[in-house]
Each structure stands twice: as C-alpha cells, then as structure tokens.
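To start, the structure under review is shown below, and the notes come after it.
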Amino acid sequence: MKTHRLALIPGDGIGVDVTDAAMAVVEAAARNHGFSVQATRFDWSCAHFVQTGAMMPEGGIETLRGFDAIYLGAVGWPDTVPDAVSLHGLLLPIRKAFNQYANIRPHRLLPGVEGPLKSSGFDILCIRENTEGEYSGAGGRVHQGMSNEVAVETAIFTRAGVERILRFAFDQARVRRGHVTSVTKSNAQKYSMVFWDEVTREVAADYPDVTMQLMHIDAMAAKMVMAPETLDVVVASNLFGDILTDLGAAIQGGLGFAASANICPDGTGPSMFEPVHGSAPDIAGRGIANPIAAIWSAAMMLDHLGETTASKAVMAAIEAVTAKGIGTAPGRHSTDQITTAILTALEKPA
Ligand code: NAI
Ligand code: MG
C-alpha cells in the first residue's frame with residue numbers, strides 16, 4: 001500500500017480547526033481508496049514565536065524537505081506577532097525554499113452556494129507567481145522615524161521566473177478550456193510589466209492551441225465581477241495574484257470556499273496546500289470556521305500526490321453537501337457539522 005508522508009502545520013486560530021477537518025477527510029479518503037497517510041504535526045505558529053522567538057526552529061526548512069507534501073492551516077496572530085514577522089518567518093520562506101513558484105487558486109461556485117453575482121457559470125483557475133515580483137523582500141528603510149525617512153521596496157522579475165509561471169499557466173489551459181489571460185499593469189509600470197507582456201507573447205507562440213489575452217489589473221478586477229464566465233486560466237504576478245484571488249474568493253461565496261496549492265512543478269521539493277483564508281482571530285475558538293476551503297485544498301493535495309480518484313471523491317462529497325445547503329451560509333453550521341456531513345457523503349456517494 002502506498003504511504004504519503006505529510007507535514008502538517010496547523011498554525012494559529014481557525015487554522016488548527018480546519019486542518020483537523022481536512023485531515024479527517026484525507027484519512028477517510030485513504031481508507032476508501034487503498035493508500036495510507038503518515039502525518040507529522042509541527043506546532044510552528046505565532047504561539048511558537050512567543051515561546052521561542054522564531055516562527056519555526058532553525059533547520060525547519062530542511063525538516064520539511066523530506067515530506068511528500070506540506071499541509072498548512074493558517075498562520076497569524078497580530079495581537080502578539082506583527083503579520084509581517086509571521087508571514088516572512090514561515091510561509092514565504094517555505095514557498096521560496098521549495099521553489100513553489102506556482103500558486104493555484106480555483107474560483108467557481110459550488111452547488112447550493114449563492115455568490116454575490118448574477119452569474120453562476122464561472123470556473124476560473126488563478127495562477128499566481130509565488131516566489132518573486134513584488135514580494136521578493138528586496139528593499140530597506142533609512143532614517144527610520146525621522147522626517148527624512150525613506151522606504152524602498154523593489155519588485156524583482158527574472159526571465160526564468162516569469163517564463164516558468166507563464167508556461168505553467170499555458171499548460172493548465174491545455175487541460176482546461178484553452179484560454180489564458182495574463183494580467184499586468186504595463187501601461188504604468190513600463191519596465192517590469194512591459195517585460196512580463198513580452199515574455200507572455202513569446203511563450204504564447206509555443207502554444208498555438210491556446211488563445212491568449214493581455215489585460216491590465218484594474219480592468220481585470222472589473223471583468224471578474226462583470227463577466228467572470230469569460231475567463232479560464234488567469235496568470236499574474238505575486239501581488240496582483242494575491243489581490244485578484246481575494247476577489248475570486250468573494251465571487252465564489254467567501255473565504256470559506258477559497259482553496260489553494262503552492263506547487264513546486266519540477267518536484268525538487270514538497271508542494272504545500274492551504275486554504276486562502278487566514279487564522280480569523282475574530283471567530284477563532286468558536287467552532288464555526290467553514291472547513292470547505294481547507295478540505296478542497298486537501299483534495300488538490302490528493303490530486304497532486306497521484307490519488308486522483310480519491311481527490312474526485314472528496315470534491316464530489318463537498319458538492320453533495322453544499323447542494324443540500326450545508327456549509328453554504330456563514331455560521332449556520334458548525335465546523336464539525338460540515339466536516340461530518342462531508343465524511344458521511346464520502347462513505348455513501350450519491
Ligand atoms: P482572515 O482570512 O483570517 O479573515 C478575514 C475574514 O474572513 C474574517 O472576518 C474571518 O472571520 C472570515 N473568515 C476567514 N476564513 C473563514 C472561514 N474558513 N470560515 C468562516 N469565516 C472565515 O484574514 P485577516 O483577518 O486579514 O487575517 C487574520 C490573520 O491571518 C492575520 O494574522 C493574517 O496575517 C493571517 N493570514 C494568514 C494567511 C495564511 O496563513 N496563508 C492568509 C491570510 C491572512
Ligand atoms: Mg492573500
């Protein structure tokens with residue numbers, strides 16, 4: 001029997017609840033589909049920072065390297081650790097160290113979920129560049145706190161980095177509906193974004209079977225609201241992808257439904273799977289976090305691990321449950337109720 005070794009980082013707040021929910025579903029799927037999972041939990045979090053002064057221990061990255069996949073709940077507890085410290089201490093180093101350059105986020109309405117838009121027929125796959133661009137961390141501050149203070153943050157775009165994410169997007173379009181929209185702001189940002197557009201045209205030439213459209217981020221924001229059904233694969237830089245996927249989460253019914261995968265496409269390191277949402281301190285500890293985004297992310301993990309049938313079964317179970325109105329309205333069902341319903345649907349497919 002095949003065993004998948006998973007590193008679990010539940011993190012803070014509702015990250016812990018939704019990780020437990022996702023793992024219960026993964027274990028049930030494993031039992032049903034003839035594979036096993038061996039999960040190791042790491043309590044790396046803001047609580048860990050308060051105790052030790054670091055988000056993860058020294059050598060943490062090397063510890064993770066040996067796993068087949070990483071599953072992360074959510075990290076952040078701004079009352080005790082500034083968000084810039086927690087983000088740069090755990091999540092961003094993992095994404096960079098393992099070359100998880102493709103951040104994939106699906107946006108579509110599950111059956112029974114009412115989004116804020118008239119349109120329900122959209123199915124968008126957002127691909128966000130995940131290791132460089134505006135989140136490179138290159139910059140500095142001088143004369144801190146003085147009236148002549150200067151802050152500089154430089155976005156870094158490399159040909160290798162831009163080309164590989166575009167190729168990833170075009171490859172995804174080939175197995176979907178064959179259309180890529182590449183998002184920049186090349187009218188205003190005349191170096192990095194004009195460069196991105198140029199590389200997009202070069203890569204597109206290798207994919208004559210895929211149609212391509214260049215679009216500016218502002219127009220794209222409007223299009224995702226006005227005509228989301230016209231979009232298939234959307235590819236964007238780190239910052240633009242971050243913002244657009246919160247918009248995507250909003251039109252699919254909220255952060256409780258938004259799943260994500262940080263993929264290392266060349267397989268040199270483990271990939272990481274996590275819901276888009278954060279630790280939600282406002283509802284933490286109340287047992288009402290929606291686990292669907294986390295369970296959908298776990299389904300993406302199963303697919304990545306080659307357990308395609310199990311992945312499809314989990315998605316079908318999620319859809320069977322939302323179709324009955326379970327988990328579709330904020331707070332109506334508890335985390336446990338939604339998880340139990342999905343586990344039940346997994347055992348007895350419709
Ligand atoms: P958030 O995603 O935690 O919460 C935003 C709003 O959505 C809150 O009102 C929350 O209650 C609600 N919400 C989020 N997920 C939900 C779920 N599954 N079910 C029901 N309601 C849900 O974002 P926020 O408040 O900006 O950040 C809180 C903390 O999380 C911060 O420390 C932030 O840095 C961190 N964060 C971590 C992320 C990660 O680990 N990948 C991503 C985003 C934020
Ligand atoms: Mg975000």
Side-chain angles (χ1 to χ4, degrees), residues 7-22 25 42-50 55-56 70-96 100 103-105 110 113 115-116 126 128 130-131 135 238-239 241-262 271-298 300-301 318 321-322 326-339 342:
L8 301 188
I9 309 175
D12 299 293
I14 67 165
V16 179
D17 310 28
V18 300
T19 300
D20 289 343
V25 172
F42 298 94
D43 69 341
W44 304 344
S45 57
C46 290
H48 187 273
F49 184 96
V50 170
M55 292 298 295
M56 62 176 151
I70 304 165
Y71 188 91
L72 184 135
V75 174
W77 203 257
D79 283 356
T80 54
V81 182
D83 283 345
V85 172
S86 53
L87 191 61
H88 282 272
L90 189 63
L91 199 51
L92 296 188
I94 295 174
R95 288 176 180 170
K96 285 178 186 157
Q100 294 166 349
N103 185 228
I104 312 183
R105 299 180 167 184
L110 295 171
V113 179
C126 270
R128 162 185 172 191
N130 214 22
T131 57
Y135 293 1
N238 216 332
L239 170 67
D242 191 1
I243 298 169
L244 281 182
T245 53
D246 262 37
L247 180 54
I251 64 170
Q252 75 187 124
L255 280 166
F257 301 103
S260 123
N262 304 274
S271 295
M272 176 166 65
F273 301 81
E274 50 165 343
V276 171
H277 65 73
S279 57
D282 56 336
I283 60 163
R286 291 172 50 198
I288 55 166
N290 189 340
I292 289 178
I295 296 171
W296 188 340
S297 307
M300 294 172 83
M301 177 172 72
I318 294 174
V321 163
T322 58
I326 300 170
T328 55
R332 194 197 296 153
H333 297 94
S334 69
T335 310
D336 282 349
Q337 283 173 323
I338 300 167
T339 308
I342 291 172

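Indexing begins at 1, ligand by ligand and atom by atom, following the structure's order.
Within the 4.5 Å cutoff, the side chain of N238 has no heavy atoms near those of the D242 side chain. Taking 4.5 Å as the limit, some side-chain heavy atom of N103 sits within range of a side-chain heavy atom of S260. Looking only at side-chain heavy atoms (C-beta outward), V75 and L90 come within less than 4.5 Å of each other. Under the 4.5 Å side-chain criterion, counting only non-hydrogen atoms from C-beta, V18 is in contact with H277. The shortest side-chain heavy-atom distance between F49 and M55 falls under the 4.5 Å cut-off.
Summarising the contacts of atom 37 (C) of ligand 1 with I292, V75, T335, the nearest heavy atom is found in V75. When the options G13, P275, G278, S45 are ranked by their closest heavy atom to atom 1 (P) of ligand 1, first place goes to G278. By heavy-atom distance, the residue among A249, C46, A84, S279 lying nearest atom 30 (O) of ligand 1 is S279.
Numbered from 1 in the order shown, with element, the atoms of ligand 1 that lie under 4.0 Å from a heavy atom of W77 read 32 (O). Atoms of ligand 1 found under 4.0 Å from any heavy atom of G76, numbered from 1 in the order shown, are 32 (O). Residue-ligand proximity, E274 to ligand 1, at heavy-atom distances under 4.0 Å covers atoms 41 (N). Every atom of ligand 1 is numbered from 1 in the order shown, and the set under 4.0 Å from a heavy atom of V276 is 42 (C). Residue A74 approaches ligand 1 through these ligand atoms, each under 4.0 Å from one of its heavy atoms: 40 (O). For ligand 1 and I283, the ligand atoms under 4.0 Å from any heavy atom of the residue are 11 (O), 20 (C), 21 (N). Taking a cut-off of under 4.0 Å to the non-hydrogen atoms of D83, the atoms of ligand 1 that pass are 31 (C), 32 (O), 33 (C), 34 (O). Set against the non-hydrogen atoms of A280, the atoms of ligand 1 under 4.0 Å away are 3 (O), 10 (C), 11 (O).
Not a single heavy atom of V18 sits less than 4.0 Å from an atom of ligand 1. Within the structure, the closest approach of L255 to ligand 1 falls below 4.0 Å when heavy atoms are considered. Proximity of A289 to ligand 1 is established by a heavy-atom distance of less than 4.0 Å.
Only the side chain of L91 comes within contact range of ligand 1, with a heavy atom under 4.0 Å; no backbone atom does. Proximity of N290 to ligand 1, defined as any heavy-atom pair under 4.0 Å, is shared by backbone and side chain alike. The side chain of P281, and not its backbone, has at least one atom closer than 4.0 Å to an atom of ligand 1 (non-hydrogen atoms only; side chain from C-beta on).
Minimum heavy-atom separation, L72 to T19: C-OG1, 4.4 Å.
Distances between N or O atoms of G256 and those of ligand 1 include no value under 3.5 Å. Not a single N or O atom of I14, backbone or side chain, sits closer than 3.5 Å to an N or O atom of ligand 1.
We find the CD1-CG distance between I288 and D336 to be 12.5 Å, quoted to the nearest 0.5 Å. Separation of atoms CG (N130) and CD1 (I94) is listed at 11.5 Å; rounding is to 0.5 Å. Within the model, atoms CD1 of I342 and CH2 of W296 stand 11.5 Å from one another, a figure rounded to the nearest 0.5 Å.
When the side chain to side chain donor-acceptor pair (under 3.5 Å) test is applied to D17, no partner is found at least two apart in sequence or on another chain. Taking F273 as the reference, H304 meet the ring-ring contact (aromatic ring centres under 6.0 Å, His included) condition, with sequence neighbours excluded.
T245 places no side-chain N or O within 3.5 Å of a backbone atom of G248 that could act as its donor or acceptor partner.
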